[in-house]
Novice: 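The structure is given below, and queries will be raised subsequently.
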Amino acid sequence: MTLTFLFSWLILGGLLAWLAGRWNKEAPRWISLFFTAVHLAVSVRLWISFLSEKGLTLARQDWFLMEKTSWIPQWGIQYFLAVDGLSILLIVLTGFLGLLAVACSWKGIQERVGFFHFNLLWILAGISGVFLALGLFLFYFFWEVMLLPLYFLIGIWGHSNRIYATIKFFIFTQASGLFMLISILALYFIHGSQTGHYTFDYLELLGTQVSTKVAFWLMLGFFVGFGVKLPIVPLHNWLPDAHTEAPTAGSVVLAGLVLKAGAYGFIRFLMPLFPQAGKEFAMFAMVLGIIGIIYAAIVAFAQNDLKRLVAYTSVSHMGFVLLGVFAWNQLALQGAVLIILSHGLSTGALFILVGDIYERLHTRDMDKMGGLWDIAPRFGGFGMVFAMASLGLPGLANFVGEFLVLLGVYQVSIPIAALATLGFIAATVYSLWMIQKVFFGKNEKKWKMPDATAREISIFTALVLALLWLGLFPNTVLKTSRQALKNLQTITREYFTPTKNAPENPTVDELKRSRSNYGGLE
């Protein structure tokens with residue numbers, strides 16, 4: 001029951017933190033810290049077990065752990081959780097950033113402390129469920145559990161314009177989720193009408209025979225649902241406002257984890273369920289990725305609000321993930337996974353840094369900053385490292401992922417790969433400009449503020465070590481995810497690696513044979 005524990009433990013922790021907050025302000029913080037620390041420890045133990053026992057020698061179609069039981073049998077709904085190398089990495093990222101989100105909120109949250117930590121832990125529980133669920137009904141349930149507490153987190157503890165940002169966030173996420181739900185239900189009924197067996201089981205829905213036109217529309221529903229989360233330009237409009245108004249922990253969870261749920265959805269669900277439609281849509285999606293990389297970078301450079309600048313850099317970097325997913329080869333997919341992890345760390349670090357500076361100066365206007373290195377050199381040093389990670393400096397995490405994506409995209413489209421390199425140039429410009437505006441120059445406003453505390457130094461040091469480790473020793477991550485990504489590519493091989501004898505329109509039986517009972521289930 002390890003997989004059930006990973007999200008139910010956080011649900012329990014959230015409830016206890018909320019109850020404890022009625023009597024003591026400090027108790028919810030310590031309860032949340034304990035529960036997220038245990039979640040991280042169990043996640044890391046799962047990863048170590050994966051690598052040491054089976055991870056490098058898995059049979060081609062194995063899942064590492066699987067929990068499956070009937071839930072609502074008359075509707076074909078099952079309680080179905082499973083992990084492979086891809087989902088294990090994202091569960092570990094959830095535990096790590098969740099712990100840091102609790103730590104960075106230690107002093108900043110003073111009102112309704114118990115309810116704050118209830119929402120924070122339930123967001124983490126929902127995200128964990130999204131990365132574990134293989135029943136589409138259960139997946140959608142966790143998708144909603146992930147979003148509703150975030151709505152409260154921004155709306156209650158956000159900044160001055162939080163109501164506008166919250167309503168915008170709610171409209172975008174709920175509308176996009178509705179598109180995905182419609183596609184899930186349509187696939188459920190189509191599969192049932194063909195086989196007489198109605199089910200939401202992901203492994204059984206693979207290979208469902210759908211006409212080309214219908215498959216395209218169903219794929220588009222998933223694309224909108226996941227694309228809003230990623231986010232894809234022009235579906236990104238909600239994100240800068242949500243980031244700007246959210247409390248620091250909300251921004252960390254939003255950038256580091258919620259956006260990654262969209263990327264995970266593309267890899268795990270959209271391409272395997274609709275490989276032909278995904279192939280036909282790939283070039284258009286990659287063009288959207290290029291637009292996102294360049295457009296968001298230009299808009300980031302135009303910002304004076306430091307937090308809003310970081311929000312737009314997030315949109316720009318996630319464009320590389322979209323390129324990697326729709327290039328759909330091993331190099332590009334491995335690069336996309338590395339970007340998912342490294343972006344969560346580097347952007348989360350920048351949001352924590354911005355939040356700490358805001359608590360001291362009560363402004364995010366870069367025109368009012370300058371010269372902060374002289375009065376807060378520890379902040380300046382950490383800020384420099386995180387900015388270098390964001391721009392893709394070799395030796396830090398982002399470089400490896402983006403470089404692999406470029407190599408993979410080059411095999412698909414040389415012009416797209418060439419245009420994507422502009423993202424490196426733009427990232428260098430806005431990252432160095434940000435550091436110059438905030439930490440260098442003259443301290444014309446005569447700012448005086450305390451430097452980073454021991455708690456803040458501990459948070460930043462953990463993030464720096466993680467970024468260095470991913471940048472210098474990425475092979476552990478690559479080994480962990482390699483087999484899972486190969487399995488997903490196997491599902492779609494008829495469309496992405498055609499052979500002379502491959503049928504143009506494979507039947508259901510041919511598709512199922514090609515998937516070789518993916519997941520080890522008959």
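Just so it is clear, the values below take in all heavy atoms, side chains as well, and ignore hydrogens, waters and symmetry mates.
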Novice: Quick check: does any side chain N or O of S316 sit under 3.5 Å from a backbone N or O of T313, one acting as donor and the other as acceptor?
Specialist: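 Such a contact is absent between S316 side chain and T313 backbone.
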Novice: Can you list the steps and then say if H191 with Q209 is a side-chain hydrogen bond (donor to acceptor under 3.5 Å, both in side chains)?
Specialist: CA-CA 8 Å; H191 179 85; Q209 189 175 33; over 6 Å; no
Novice: Relative to the ring of F139, is the ring of F269 parallel (under 30°), tilted (30 to 60°) or perpendicular (over 60°)?
Specialist: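 Tilted.
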Novice: Do the side chain of T347 and the main chain of G344 share a donor and acceptor less than 3.5 angstrom apart?
Specialist: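 No, T347 side chain to G344 backbone: no donor-acceptor pair under 3.5 Å.
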Novice: Can you name the residues that form a ring pair (Phe, Tyr, Trp, His ring centres under 6.0 Å) with F226, not counting sequence neighbours?
Specialist: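 By the ring pair (Phe, Tyr, Trp, His ring centres under 6.0 Å) rule, F226 matches W143, F222, F266.
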Novice: Is it true that S390 and H317 share a donor-acceptor pair across their side chains at a distance under 3.5 Å?
Specialist: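 Present: a donor and an acceptor within the cut-off.
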Novice: Using ring centroids (six-membered ring only for Trp), state whether H236 and Y295 fall under 6.0 Å.
Specialist: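 Centroid distance Y295-H236: below 6.0 Å, so yes.
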Novice: Nearest heavy-atom pair of G98 and L124: which atoms, and what distance?
Specialist: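 For G98 versus L124, the nearest heavy atoms are CA-CD1, 3.6 Å.
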Novice: Side chains of S251 and K307: any donor to acceptor distance under 3.5 Å?
Specialist: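 Yes, S251 and K307 have a side-chain donor paired with an acceptor closer than 3.5 Å.
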Novice: Using a 4.5 Å cut-off on heavy atoms from C-beta on, say whether the side chain of V412 contacts that of F326.
Specialist: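 A side-chain contact under 4.5 Å is absent here.
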Novice: Any chance CH2 of W469 has more than 12 other-residue heavy atoms, nucleotides or ligands included, within less than 6.0 Å?
Specialist: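 Enclosed.
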Novice: Give a yes-or-no answer on whether the side chains of S314 and H343 include a donor-acceptor pair shorter than 3.5 Å.
Specialist: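 Yes, side-chain donor-acceptor contact under 3.5 Å.
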Novice: Backbone N or O of L478 within a donor-acceptor pair of the N475 side chain at under 3.5 Å?
Specialist: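 No; judged by distance alone, with no hydrogens or angles, the pair does not exist.
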Novice: In terms of ring plane angle, is the pair F403 and F399 parallel, tilted or perpendicular, where the classes change at 30° and 60°?
Specialist: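 Rings of F403 and F399: parallel, as their planes differ by under 30°.
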Novice: Is the ring centre of H159 less than 6.0 Å from the ring centre of Y358?
Specialist: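 Yes, the ring centres sit under 6.0 Å apart.
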Novice: Indicate yes or no: at least one non-hydrogen side-chain atom of W328 is less than 4.5 angstrom from one of K279.
Specialist: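 SC-SC contact between W328 and K279 ruled out.
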Novice: Going by atom types alone, do S481 and Q334 pair a side-chain donor with an acceptor below 3.5 Å?
Specialist: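 Yes, because at least one side-chain N or O of S481 sits under 3.5 Å from a partner of the opposite role on Q334.
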Novice: Side chains of T476 and K479: closer than 4.5 Å at any heavy-atom pair?
Specialist: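 The answer is no; the side chains never approach within 4.5 Å.
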Novice: Does a side chain donor of either Y264 or K260 reach within less than 3.5 Å of an acceptor in the other side chain?
Specialist: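 Y264 vs K260: no donor-acceptor pair found between side chains.
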Novice: Please determine whether a side-chain nitrogen of the Lys or Arg among K486 and D84 lies less than 4.0 Å from a carboxylate oxygen of the Asp or Glu.
Specialist: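 Salt bridge absent between K486 and D84.
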Novice: In terms of relative ring orientation, are W238 and F169 parallel, tilted or perpendicular, with 30° and 60° separating the classes?
Specialist: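 Rings of W238 and F169: tilted, 30 to 60°.
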Novice: Which of parallel (below 30°), tilted (30 to 60°) and perpendicular (above 60°) describes F189 and Y198?
Specialist: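 The arrangement is perpendicular - the two ring planes meet at more than 60°.
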